[in-house]
Each structure stands twice: as C-alpha cells, then as structure tokens.
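Working notes, structure below.
Below, chains carry the letters A, B, ... as their sequence lines are ordered, and counting in each starts from 1.
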Amino acid sequence: MAMRAAAAAAAARGGLGRRVFSTFNFAPPPNPAAAAAPPQAEPSTNLFVSGLNKRTTTDGLREAFSKFGEVAHARVVTDPVHGYSKGFGFVRYTTLDEAAEGIKGMDGKFLDGWVIFAEYARPRQPRPPPGENGAPPSPRY
DNA sequence: AGTGAGCGA
C-alpha cells in the first residue's frame, strides 16, 4: 500500500535499496584534471628547477644553466625569514630554444652534489593586488 | 638539521 509504494519510490530514486550486482559500468575514466594539468607545462622561456642543494645560490644556478644559453633571470627561492634555500628555483632564458637546451642539458644532472630536475615552469600565480598603503613591490622582470 | 616534494617577494 502506501508504505510499499513509498519504499519502491525511494528505491527507484537510488536510495537505500540500491544494489547493483552486475553491471558493465566500466567507468569511463574521466580525468579532466590530467588533461587540463599535464605534469609538464607547455614550453616557455621560464624553467622550474628542483632538487637543489640547500646551499646552491642564485649565482650557482645561473652559472650552471648559462652553459646552455643566455640566462635572463635566475632565482633560488629562499625563505624570507630564515634566509635558507627552499631547494628549488627558477631560470629564465632569453629564447625558447635556449630553454629547451637548458632542460636537456641540466635535467637529471648534478649540481653541488644533488641531482636536479629542470622543467618548464607553470605560469605564475596572479599577482596580489597592491595594497593601498605600502603597496608591495611587484616582481621585477 | 639543511631532515628533500615542490612552482617564486
């Protein structure tokens, strides 16, 4: 009666009574994330370099990468308060071709005793809007 | 501890 009908309706809606014994729901792998966020970013002149020795400095990074092209910019990311390297950095070449050579020449190589990894950097996070008082200096390029 | 993956004043 009414109860039976209600239960049947609930089951039909996919409630507690949902039991699927055999289905060919071979879930189609919908990985839009993998398609939208490939492990390696698309080519750019900007390189992300990780695996650095903690005492590798911006200069050491530039010296190492300048063997494969003209380094327009190099930076080892350091903690602003402790001043120690975070172990990764960025290198920017003047041309895409040099960037490609830099990756081929430096990825997986040693720098200061550590195997480093060089890849194309992702586009940087949107710049924080400058505050009204004491606007934080924008990154200089 | 600079303890080791990562995307930046």
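Distance, A:R62 CZ to B:dG8 P: 21 Å, rounded to whole Å. Between A:N53 atom CG and B:dT3 atom C1' the separation is 13 Å, expressed in whole Å. Counting to the nearest Å, the P atom of B:dT3 and the NE2 atom of A:H82 are 11 Å from each other. If you measure from atom NZ of A:K86 to atom C1' of B:dG2, you get 14 Å, rounded to the nearest angstrom. What separates CG of A:D79 from P of B:dA9 is a distance of 9 Å, to the nearest Å. Atom CD of A:E42 and atom P of B:dC7 are 17 Å apart (whole Å). The separation between A:K54 atom NZ and B:dT3 atom C1' is 8 Å, rounded to whole Å. Residue A:N46 contributes atom CG, which lies 12 Å from atom P of B:dG8 at whole-angstrom precision.
If you check B:dC7, B:dG4, B:dA9 against the side chain of A:A121, the one that comes closest is B:dC7. Picking from B:dG2, B:dC7, B:dG8 the nucleotide with the shortest atom distance to the side chain of A:R55 gives B:dG2. Distance from the side chain of A:S50 is smallest for B:dG6 among the nucleotides B:dC7, B:dA9, B:dG6. Ranking B:dG8, B:dC7, B:dG4 by closeness to the A:W114 side chain, first place goes to B:dG4.
Considering all non-hydrogen atoms of both residues, A:K109 and A:K104 come closest at NZ-O, 4.1 Å.
Inter-residue side-chain proximity for A:L111 and A:L61 is flagged as met; some heavy-atom pair is nearer than 4.5 Å.
Base engagement by A:G51 is indicated by at least one non-hydrogen atom pair under 4.0 Å involving a base atom.
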For A:V71 and A:Y93, what are the C-alpha separation, side-chain angles and deciding distance, and is it a side chain to side chain contact (heavy atoms under 4.5 Å, CB included)? CA-CA 5 Å; A:V71 175; A:Y93 284 101; 3.8 Å; yes
Show your working on side chain to side chain contact (heavy atoms under 4.5 Å, CB included) between A:I116 and A:M106 and close with a plain yes or no. CA-CA 7 Å; A:I116 69 172; A:M106 289 306 295; 3.6 Å; yes
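Heavy-atom distances to DNA chain B give each of A:T78 and A:S85 a nearest nucleotide, and the one nearer the 5′ end belongs to A:S85.
The one candidate from A:D59, A:V49, A:L52, A:V91 that meets the side-chain contact (heavy atoms from CB on, under 4.5 Å) condition with A:V76 is A:L52.
Stacking here means ring centres nearer than 5.5 Å and ring planes tilted less than 30 degrees, and by that measure A:F88 does not stack onto B:dG6.
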